[in-house]
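Take a look at the structure below.
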Amino acid sequence: MGISTNGRRLFIARHGETVFNKIARMQGQAELHTPLTWDGCVQARAMGRALANYLGGDPTPQLWSSTAGRALQTLALVAEEIDADWHQTMRDDRLLEIDVGLWSSRTYADISAEIGPIVDMEHKLFSVRPEGGEFYDDVAQRLRHWIADQSFEQDMLIICHGMTARVLRGVLLGLEPMERFGAPIAHSLAQGSMVMIRDGIETLVIDGDGAGERA
C-alpha cells in the first residue's frame, strides 16, 4: 500500500543530463558541481513545459531539490517554465544521489575493469555496494525520514537523482523491497522524464524517451 500524501500531488524528476552523465562518469555525492549539458538543459525545459501544461491554472507546487548543483540547476530551468520562484526552493541532503564512495568521479568502465561487473543490467542498478558508499537500503532509510517530516499541505515538485528518484518512488508507491537490493525500487525512466504520485498512484507527466506528455 502506498503512502498517503493527503491528496497532494508529488511531481518527481531526475536532474537533466550532466557532463559526467554524458561520458558515464560517476558523481554520487561528490562536492564537485558538474553542470548540465545542452541536452540536459533541453530536458529540463521540456519537463517544465510539460508540468506547466499539466498544472494548467493550478497553484504552483512547493519546490524541493537535493543540495547538488545539477539538481538545483535543473530546477531553475523547470521553475522558469512554471513561473515559480526558484529562490523559495527547499533543499535537503536526504534527497542527494546514492553515495558511491571511492567510485566518485571515476567511470563505470574503469571500475568494471578493476573489479568486474558492477551493474545489474536487467534492473539498471548496482549489483555490488560502492566501496565506502551506500546501498539501496541506506537510501530508502534517509528518504523515509524525509517523507516522515512532510505534512503534505500542498503539491510538491521534487528534483533529485536517478537512483534516489527510483527509491523515492518505490517507497511512496508502497512497492515490496527487491530482495537483492534491500529496498523498494520503481522501474527506470529515461532522463528527462517526470512522474506525478498522489496517494500511492503514479502517473507519467512526460516521457524522456520522446513519447510526449501524458496526463
Side-chain angles (χ1 to χ4, degrees), residues 5 8-22 27-55 58-99 139-140 142-143 145-147 149-150 152 154-173 185-198 202-209 213:
T5 58
R8 301 302 183 183
R9 299 174 296 182
L10 275 58
F11 298 94
I12 302 171
R14 176 190 185 187
H15 61 79
E17 181 191 67
T18 70
V19 294
F20 268 33
N21 294 147
K22 192 172 184 67
Q27 172 124 2
Q29 296 184 11
E31 293 183 5
L32 174 68
H33 166 55
T34 55
L36 303 186
T37 62
W38 177 254
D39 285 343
C41 293
V42 171
Q43 290 166 352
R45 289 286 191 186
M47 289 191 293
R49 288 192 295 271
L51 180 56
N53 290 337
Y54 196 101
L55 291 172
D58 293 345
T60 302
Q62 183 182 47
L63 305 182
W64 279 87
S65 175
S66 96
T67 52
R70 57 197 186 275
L72 288 163
Q73 185 183 1
T74 299
L75 183 55
L77 295 170
V78 174
E80 188 172 348
E81 296 291 341
I82 63 173
D83 197 26
D85 183 0
W86 178 87
H87 297 90
Q88 300 298 316
T89 300
M90 306 291 288
R91 310 176 188 194
D92 200 303
D93 286 340
R94 291 173 293 185
L95 296 174
L96 282 167
E97 181 58 299
I98 187 171
D99 185 353
V139 178
R142 59 177 161 88
L143 289 173
H145 287 315
W146 177 81
I147 292 169
D149 286 344
Q150 308 311 311
F152 300 117
Q154 62 187 100
D155 292 343
M156 302 164 70
L157 168 60
I158 305 158
I159 304 295
C160 51
H161 305 268
M163 302 292 192
T164 308
R166 291 182 64 184
V167 177
L168 178 59
R169 291 165 51 218
V171 173
L172 289 168
L173 295 172
I185 305 174
H187 65 281
S188 178
L189 291 170
Q191 207 152 22
S193 302
M194 180 182 289
V195 301
M196 183 277 287
I197 294 178
R198 174 163 51 189
E202 181 175 271
T203 302
L204 189 64
V205 176
I206 181 172
D207 185 343
D209 275 330
E213 300 163 12

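Since the model is a prediction, treat every value here as computed from it, not as a measurement. Counting from 1, the numbers follow the sequence of the chain as shown.
Taking each heavy atom of W86 and L63 in turn, the nearest pair found is CA-CD1, 4.0 Å. Of all heavy-atom pairs between H15 and Q191, the closest is O-NE2, 3.1 Å.
One distance of note links CG of L55 with CZ of F11; it measures 5.0 Å at 0.5 Å rounding. Taking CG from L72 and CZ from R91, the interatomic distance works out to 4.5 Å, rounded to the nearest 0.5 Å. From E97, atom CD reaches atom CD of Q27 across 9.5 Å, with rounding to the nearest 0.5 Å. Atom CD of residue E17 and atom CZ of residue R70 lie 13.0 Å apart, to the nearest 0.5 angstrom. Between atom OG of residue S66 and atom CG of residue D93 there is a gap of 8.0 Å, rounded to the nearest 0.5 Å. Note that CG of D99 and OG1 of T164 are 10.5 Å apart. Values are rounded to the nearest 0.5 Å.
Using a 4.5 Å cut-off on side-chain heavy atoms (C-beta onward), D155 and P59 make no contact. Using a 4.5 Å heavy-atom threshold, the side chains of L157 and M194 count as touching. Within the 4.5 Å cutoff, the side chain of W146 has heavy atoms near those of the I158 side chain. Between S65 and T74, the closest side-chain pair of non-hydrogen atoms is not below 4.5 Å. Residues H33 and Q73 meet the side-chain proximity criterion, which asks for heavy atoms closer than 4.5 Å. For the pair H187 and R169, the minimum side-chain heavy-atom distance is below 4.5 Å. With contacts defined as side-chain heavy-atom distances shorter than 4.5 Å, the pair I206/Y54 does not qualify. In this structure, H161 and V139 have side chains that are not in contact, with every pair of non-hydrogen atoms separated by 4.5 Å or more.
Between the side chain of W64 and the backbone N or O of I12 there is no donor-acceptor pair closer than 3.5 Å. R45 contributes no side-chain N or O that, together with a main-chain N or O of E80, makes up a donor-acceptor pair within less than 3.5 Å. Side-chain N or O atoms of R166 include one that pairs as donor or acceptor with a backbone N or O of A186 at under 3.5 Å.
Qualifying salt bridge (charged side-chain N to carboxylate O under 4.0 Å, His left out) partners for R142, counting only residues two or more places apart in sequence or in other chains: E134.
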side-chain contact (heavy atoms from CB on, under 4.5 Å) assessment of L36 paired with L77: CA-CA 11 Å; L36 303 186; L77 295 170; 4.1 Å; yes
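Taking a 6.0 Å sphere around CG of D83, one finds it holds 12 or fewer heavy atoms contributed by other residues, nucleotides or ligands.
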